[in-house]
There are 2 protein chains.
Amino acid sequence: MRLDQKDIQILKLLQNNARLSNKELAVELDIAPSTCHERLKKLTKSNFFKAFNASLNLEKLGFNIEVLIRVRLKKHEREVVNSFIQKLHTLKGIVRFYHLAGETNFMLHVAVENPNTLRSFILDELSDFKYIDNIESSIIYHNKCLHNLSYTNVIE
Amino acid sequence: MRLDQKDIQILKLLQNNARLSNKELAVELDIAPSTCHERLKKLTKSNFFKAFNASLNLEKLGFNIEVLIRVRLKKHEREVVNSFIQKLHTLKGIVRFYHLAGETNFMLHVAVENPNTLRSFILDELSDFKYIDNIESSIIYHNKCLHNLSYTNVIE
DNA sequence: TATTTTAGCGAAATATATTCGGTAAAAAGA
DNA sequence: TCTTTTTACCGAATATATTTCGCTAAAATA
């Protein structure tokens with residue numbers, strides 16, 4: 001499927017506000033709602049969207065500390081990696097994780113209530129995994145989603 | 001504002017699918033649409049949502065490489081940090097950034113088309129900033145949003 | 001106990017989503 | 001170049017959903 005300027009506009013608008021209604025999109029694109037609806041349906045069916053996520057005001061929910069945790073495994077092998085990823089899915093507090101090439105094998109974006117919860121997360125929950133070699137944490141002062149991409153290559 | 005189990009359910013459902021309609025939410029919570037609507041309005045007005053973001057299928061859009069870039073600045077001072085953040089907003093390719101405490105000052109999640117674009121991003125775009133001390137990149141094999149938080153502390 | 005607040009409901013009014021037949025312009029094929 | 005096909009678009013009609021509101025009952029507060 002080939003994309004044009006209007007398609008890109010839909011993608012960008014939803015990146016910034018995934019809850020925009022079809023009508024609101026149509027107004028922005030300056031096309032009829034029915035036309036916009038067709039485009040959105042097409043983009044969705046063609047799998048251009050990976051997910052629609054609400055990101056919450058974590059501080060308001062009692063998660064006063066966010067950290068980025070670098071994890072190095074003893075063995076960076078398929079089986080170890082798979083079971084680690086599986087473990088990540090069971091742990092409470094993980095907002096997002098990155099599986100990386102290089103020195104650091106995993107980068108975890110974690111939200112915790114307070115320093116004690118953080119200590120417990122690292123010493124009790126995470127270190128519980130057999131193949132952990134090294135863990136280092138950095139407090140996140142601030143983080144922001146930009147989605148500032150250039151789509152010139154995709155447009156016909 | 002105090003949250004109960006139903007509110008948490010709304011937050012969680014929208015974390016996983018920000019485009020759920022009010023009616024769909026109401027069905028999940030097993031309450032009337034009008035009731036659900038009131039709750040959602042209340043949560044929104046009380047600023048429990050930071051953003052609603054569509055995340056795109058970047059590979060399909062020609063962004064074949066995603067990297068995590070560690071940036072260390074020469075001076076970690078308010079003015080330098082501010083202007084760096086400002087610069088990040090102008091750069092094309094940044095999906096998300098983290099401002100950190102510790103050795104690494106910034107962590108950038110970047111999407112590029114190919115190795116050449118990456119080189120250009122780092123050598124031309126990023127290094128252009130006067131106060132860059134050090135840059136290191138790691139390819140992202142995989143990354144995923146989990147939002148797997150425990151809200152026991154918030155519930156009454 | 002009396003009073004206020006709150007969460008809930010359903011019905012009505014409003015607005016939106018969705019489908020569909022038709023049109024015109026662009027793309028593809030002869 | 002002239003057809004034919006495809007595509008993006010529209011507006012009208014219908015189906016759904018959102019939103020408001022008055023009312024009730026239960027919970028919280030005084």
Side-chain angles (χ1 to χ4, degrees), chain A residues 1-57 59-62 147 149-156, chain B residues 1-57 59-62 147 149-156:
Chain A
M1 174 187 175
R2 245 181 141 53
L3 301 179
D4 64 10
Q5 202 61 57
K6 298 257 180 212
D7 292 317
I8 299 295
Q9 218 179 334
I10 292 176
L11 296 179
K12 281 186 176 178
L13 285 166
L14 288 176
Q15 272 186 325
N16 287 316
N17 184 2
R19 278 185 78 75
L20 282 176
S21 70
N22 177 61
K23 202 207 164 193
E24 288 169 314
L25 286 172
V27 168
E28 285 295 322
L29 302 215
D30 198 28
I31 55 178
S34 55
T35 309
C36 188
H37 181 254
E38 250 176 22
R39 278 178 178 269
L40 182 53
K41 215 162 67 176
K42 214 166 166 180
L43 288 168
T44 304
K45 234 182 18 200
S46 304
N47 259 111
F48 279 95
F49 299 107
K50 212 158 74 180
F52 301 98
N53 299 120
S55 74
L56 306 183
N57 194 333
E59 214 177 314
K60 233 186 137 130
L61 290 160
H147 295 305
L149 304 177
S150 163
Y151 299 95
T152 44
N153 51 316
V154 203
I155 298 172
E156 48 191 1
Chain B
M1 174 185 176
R2 245 182 141 51
L3 300 180
D4 64 10
Q5 202 61 58
K6 299 257 178 211
D7 293 317
I8 298 295
Q9 219 179 332
I10 293 176
L11 297 179
K12 282 186 175 176
L13 286 165
L14 289 176
Q15 271 185 326
N16 287 316
N17 184 2
R19 278 186 78 74
L20 282 176
S21 70
N22 177 61
K23 203 210 164 191
E24 289 168 314
L25 285 172
V27 169
E28 285 294 322
L29 300 215
D30 197 29
I31 53 177
S34 56
T35 309
C36 188
H37 180 254
E38 248 175 24
R39 277 178 179 269
L40 182 52
K41 214 162 66 176
K42 215 165 165 183
L43 288 168
T44 305
K45 234 184 16 202
S46 303
N47 259 113
F48 280 94
F49 299 106
K50 212 157 77 180
F52 301 98
N53 299 121
S55 74
L56 305 183
N57 195 332
E59 214 177 313
K60 232 184 139 132
L61 289 161
H147 294 306
L149 303 177
S150 163
Y151 299 95
T152 44
N153 53 315
V154 203
I155 298 173
E156 46 191 4

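Chain naming here is simple, since letters A, B, ... match the order of the sequence lines and numbering starts at 1 in each. The shown structure was predicted, so the numbers you read here are calculated from the model rather than taken from an experiment.
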**Study point:** A/H37 vs C/dA17: side-chain N/O to OP1/OP2 distance below 4.0 Å
**Key:** no

Practice item. Look up atom CZ in A/F49 and atom CD in A/Q15, then write down how far apart they are to the nearest 0.5 Å. Key: 9.0 Å

Point to revise | Pairwise 5' ranking along DNA chain C for B/E38 and A/P33, keeping only the more 5' one | key: B/E38

Check your understanding: Quick one: is D/dC9 close enough that its OP1 or OP2 comes under 4.0 Å of any side-chain N or O from A/R39?
Key -> yes

Review point. With respect to the phosphate group of D/dC10, does any side-chain polar atom (N or O) of A/T35 fall under 4.0 Å of OP1 or OP2?
Key: yes

Review point. Roughly how far apart are B/L25 CG and B/N17 CG, rounded to 0.5 Å?
Key: 9.0 Å

Practice item. Taking only the side-chain heavy atoms of A/N22 (C-beta and beyond), determine which of D/dT20, C/dC9, C/dT18 contains the nearest atom. Key: C/dT18

Exercise for review: Starting from P on C/dT6, measure out to CE on B/M1 and report it in whole angstrom.
Suggested key: 11 Å

Exercise for review: Could you tell me whether B/K42 contacts a base, only the sugar-phosphate backbone, or nothing, with contacts defined as non-hydrogen atoms closer than 4.0 Å?
Suggested key: sugar-phosphate

Check your understanding: Does a donor on one side chain sit under 3.5 Å from an acceptor on the other, for A/S21 and A/E24?
Key -> yes

Point to revise | Out of D/dT18, C/dC9, C/dA17, whichever nucleotide has its closest atom nearest the side chain of A/K23 | key: C/dA17

Exercise for review: Select base, sugar-phosphate, or nothing to describe what A/S34 touches, counting heavy atoms under 4.0 Å on all strands.
Suggested key: base

Study note, to complete from the structure: To the nearest angstrom, the CD1-P distance between B/I31 and D/dA26 comes to 18 Å

**Study point:** Distance in angstrom units between B/D4 CG and C/dG8 P, rounded
**Key:** 7 Å

Point to revise | Other residues, nucleotides, ligands: >12 heavy atoms within 6.0 Å of A/E59 CD | key: no

Review point. Rounded to whole angstroms, how far apart are NZ on B/K6 and C1' on C/dT6?
Key: 16 Å

Review point. Can you tell if the side chain of A/L11 reaches within under 4.5 Å of the side chain of A/L3, non-hydrogen atoms only?
Key: yes

Review point. How close or far is atom C1' of C/dA17 from atom CD of B/E24, stated in whole angstroms?
Key: 12 Å

Practice item. Starting at atom CG of A/L29, determine the distance to atom C1' of D/dC9, rounded to an integer number of angstrom. Key: 13 Å

Practice item. Provide, to the nearest angstrom, the distance between the NZ atom belonging to B/K41 and the P atom belonging to C/dA7. Key: 13 Å

Review point. In whole Å, what is the span from the CG atom of A/L40 to the P atom of C/dT16?
Key: 16 Å

